[in-house]
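Below, chains carry the letters A, B, ... as their sequence lines are ordered, and counting in each starts from 1.
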2 protein chains.
Amino acid sequence: MAHREDSTSLLKQKGLTPTPHRVMVLGILGNSPSPLSPQEIFATLQRSHPMNRVTLYRILDMLVAHGLVERIQSGDRAFRYGLNAQSPHAEHPHFYCSHCGSIQCVHADSIHVQVEDIQKTFPGLIQRMEIRLDGICKNCLRNHKGKKAGNERAAQKP
Amino acid sequence: MAHREDSTSLLKQKGLTPTPHRVMVLGILGNSPSPLSPQEIFATLQRSHPMNRVTLYRILDMLVAHGLVERIQSGDRAFRYGLNAQSPHAEHPHFYCSHCGSIQCVHADSIHVQVEDIQKTFPGLIQRMEIRLDGICKNCLRNHKGKKAGNERAAQKP
DNA sequence: GACATAATGCAACTGAATTGCATAAAGGTC
DNA sequence: GACCTTTATGCAATTCAGTTGCATTATGTC
């Protein structure tokens with residue numbers, strides 16, 4: 001996981017000035033096992049290092065633009081941000097729990113989508129791929145065994 | 001593609017009363033080669049069969065809930081709706097053009113993601129999968145050859 | 001035709017993200 | 001260090017997509 005020095009040097013590598021805010025945001029993302037929503041990042045920041053919402057969005061945008069951070073879509077309407085996997089094409093799927101909204105990385109060896117193969121016959125330029133699995137996570141399955149699904153519609157209807 | 005009678009009978013099959021509005025919406029989706037945003041559906045409707053925004057959203061929700069229509073996420077913040085592929089697990093990827101926002105279905109034989117395999121080791125319940133490719137579509141490549149990408153950021157920044 | 005149920009419309013609201021502009025911080029030059 | 005330019009951050013207001021609550025209209029059944 002990325003410590004403060006790591007975040008700082010990552011930013012410098014990309015020619016970005018390592019302001020405290022940026023270092024913090026990158027650090028939070030580096031310490032999270034799964035991608036986070038701006039809200040979650042914001043909440044974490046509030047405790048120690050409050051910053052304006054807009055600033056957070058702008059920092060995230062910039063990190064994505066410089067390839068340090070990956071932005072993925074979850075089943076709901078908020079994007080999630082996570083440290084970018086270093087190797088391109090080593091993208092992994094994400095699991096979205098439609099009950100609690102949590103996101104998990106899925107390390108699935110069985111998924112080998114050959115973007116190159118598709119590119120051969122596809123007339124547009126493919127730059128990126130995103131795979132998402134929707135369902136109910138382990139915790140929600142355990143906690144709500146026997147209960148009515150209730151919020152399950154969230155997957156489709158955030 | 002679905003003609004009016006088809007839409008009507010599809011609705012009846014699901015026990016839904018085939019109101020003019022519903023038949024129209026289902027017809028539009030059936031005649032489109034690619035999934036449409038509510039905005040696009042709305043615009044199409046305006047010409048011949050104006051209806052309230054909310055009604056459209058509610059009809060779409062219902063069609064999704066009854067499995068007639070599939071709701072997918074594009075690279076931007078609007079969902080897209082398309083007739084549901086009849087066979088489950090025959091999901092296909094969608095291509096999102098980050099320049100013009102259009103969506104295309106990709107029929108890629110090379111993509112065989114075995115959800116069952118993932119399910120064996122994944123502790124949650126997987127109910128659905130979505131694969132999306134982001135890039136620049138054929139048209140935008142042609143029209144903007146040599147020009148600066150300009151709006152390309154849309155993929156990440158709708 | 002009367003009535004209950006379902007469908008639609010309208011207005012106001014929410015949540016996530018964005019824009020425009022003002023202020024504050026960094027960084028370079030003398 | 002003072003001055004100035006560039007870059008970051010903050011604040012307020014706005015957009016965009018979708019949702020909620022409630023009134024009104026249509027549909028179907030007896």
Side-chain angles (χ1 to χ4, degrees), chain A residues 7-8 11-12 14-26 35-43 45-46 49-66 68-69 71-81 96 98 101 103 151 153-158, chain B residues 7-8 11-12 14-26 35-43 45-46 49-66 68-69 71-81 96 98 101 103 151 153-158:
Chain A
S7 302
T8 303
L11 286 164
K12 282 184 184 166
K14 296 289 181 178
L16 303 169
T17 55
T19 68
H21 283 172
R22 293 174 181 176
V23 173
M24 278 301 293
V25 171
L26 203 47
L36 300 173
S37 67
Q39 304 294 343
E40 291 167 319
I41 301 168
F42 196 67
L45 282 166
Q46 281 310 82
H49 202 100
M51 84 174 63
N52 189 276
R53 244 161 25 91
V54 178
T55 305
L56 174 57
Y57 281 119
R58 283 196 277 235
I59 289 177
L60 289 172
D61 284 354
M62 193 192 37
L63 296 177
V64 170
H66 285 80
L68 287 174
V69 163
R71 161 146 109 168
I72 62 166
Q73 273 188 322
S74 57
D76 57 38
R77 285 174 59 206
F79 290 100
R80 310 291 149 112
Y81 297 84
Y96 171 74
S98 58
I103 295 268
N151 191 28
R153 190 156 151 280
Q156 299 297 328
K157 210 82 284 260
Chain B
S7 302
T8 304
L11 287 164
K12 282 184 184 169
K14 295 289 182 179
L16 303 169
T17 56
T19 68
H21 284 171
R22 292 174 180 175
V23 172
M24 278 301 294
V25 172
L26 204 47
L36 300 173
S37 68
Q39 304 294 345
E40 291 167 319
I41 302 169
F42 196 67
L45 282 167
Q46 281 311 79
H49 203 101
M51 82 174 66
N52 190 276
R53 244 167 25 97
V54 179
T55 304
L56 174 57
Y57 281 118
R58 283 197 278 236
I59 288 177
L60 290 171
D61 283 355
M62 192 190 38
L63 296 177
V64 170
H66 286 81
L68 287 174
V69 162
R71 161 148 109 166
I72 64 165
Q73 273 188 322
S74 57
D76 58 36
R77 285 173 58 207
F79 291 99
R80 309 292 150 113
Y81 298 84
Y96 172 73
S98 59
I103 295 268
N151 191 28
R153 192 157 150 279
Q156 298 300 328
K157 219 55 312 248

task = Figure out the CG/P separation between A:Leu11 and C:dA26, and round it to whole Å.
result = 15 Å
task = Look at B:Tyr57 and D:dT19 and indicate whether a side-chain polar atom (N or O) is within less than 4.0 Å of OP1 or OP2.
result = no
ask   = Within this structure, what is the CD-to-P distance between B:Glu40 and D:dA17, rounded to whole angstrom?
value = 11 Å
message = Can you list everything that forms a salt bridge (Lys or Arg N to Asp or Glu O under 4.0 Å) with B:Arg80? Sequence neighbours excluded, please.
response = B:Asp76
ask   = Is it the case that A:Thr17 and A:Arg22 place a side-chain donor and acceptor less than 3.5 Å from each other?
value = yes
query = Taking for each residue the nucleotide of DNA chain C bearing the nearest heavy atom, is the 5' side occupied by A:Pro38 or by A:Pro18?
reply = A:Pro38
message = Just the rounded figure in Å: distance from P of D:dT27 to NZ of B:Lys12.
response = 14 Å
ask   = With sequence neighbours excluded, what pairs up with B:His49 under the ring pair (Phe, Tyr, Trp, His ring centres under 6.0 Å) test?
value = B:His21
request  = Rounded to the nearest angstrom, tell me the gap between atom CG in A:Leu63 and atom C1' in D:dA8.
outcome  = 13 Å
task = Can you measure from CZ (A:Phe42) to OH (A:Tyr57) and round to the nearest 0.5 angstrom?
result = 9.0 Å
message = What is the distance, to the nearest angstrom, from the CG atom on B:Asp61 to the C1' atom on D:dT19?
response = 9 Å
Contact under 4.0 Å: B:Gln39 side-chain N or O vs D:dA17 OP1/OP2 = yes
query = With sequence neighbours left out, what residues match B:Thr19 under side-chain hydrogen bond (donor to acceptor under 3.5 Å, both in side chains)?
reply = none
ask   = So do the side chains of B:Val69 and B:Val25 get within less than 4.5 Å of each other, counting heavy atoms only?
value = no
remark   = Rounded to whole Å, the CZ-C1' distance (A:Arg80 to C:dA17) equals 14 Å
task = Would you please name every residue forming a side chain to side chain contact (heavy atoms under 4.5 Å, CB included) with B:Gln73, sequence neighbours left out?
result = A:Gln73, A:Arg132, B:Phe79, B:Glu130
Donor-acceptor pair present, A:Arg77 side chain and D:dA17 base, under 3.5 Å = yes
query = Nearest heavy-atom pair of A:Ser7 and A:Leu26: which atoms, and what distance?
reply = O-CD2, 3.7 Å
task = Heavy atoms under 4.0 Å is the rule here; annotate nucleotides 4-12 of chain C 5' to 3' with B where the base is hit, S where only the sugar-phosphate is, and - elsewhere.
result = ---SBBBBB
ask   = Please, what dot-bracket string fits DNA chain D when only Watson-Crick and G-U pairs with both distances under 3.5 Å count, crossing ones use [ ] and pairs to another strand use |?
value = ||||||||||||||||||||||||||||||
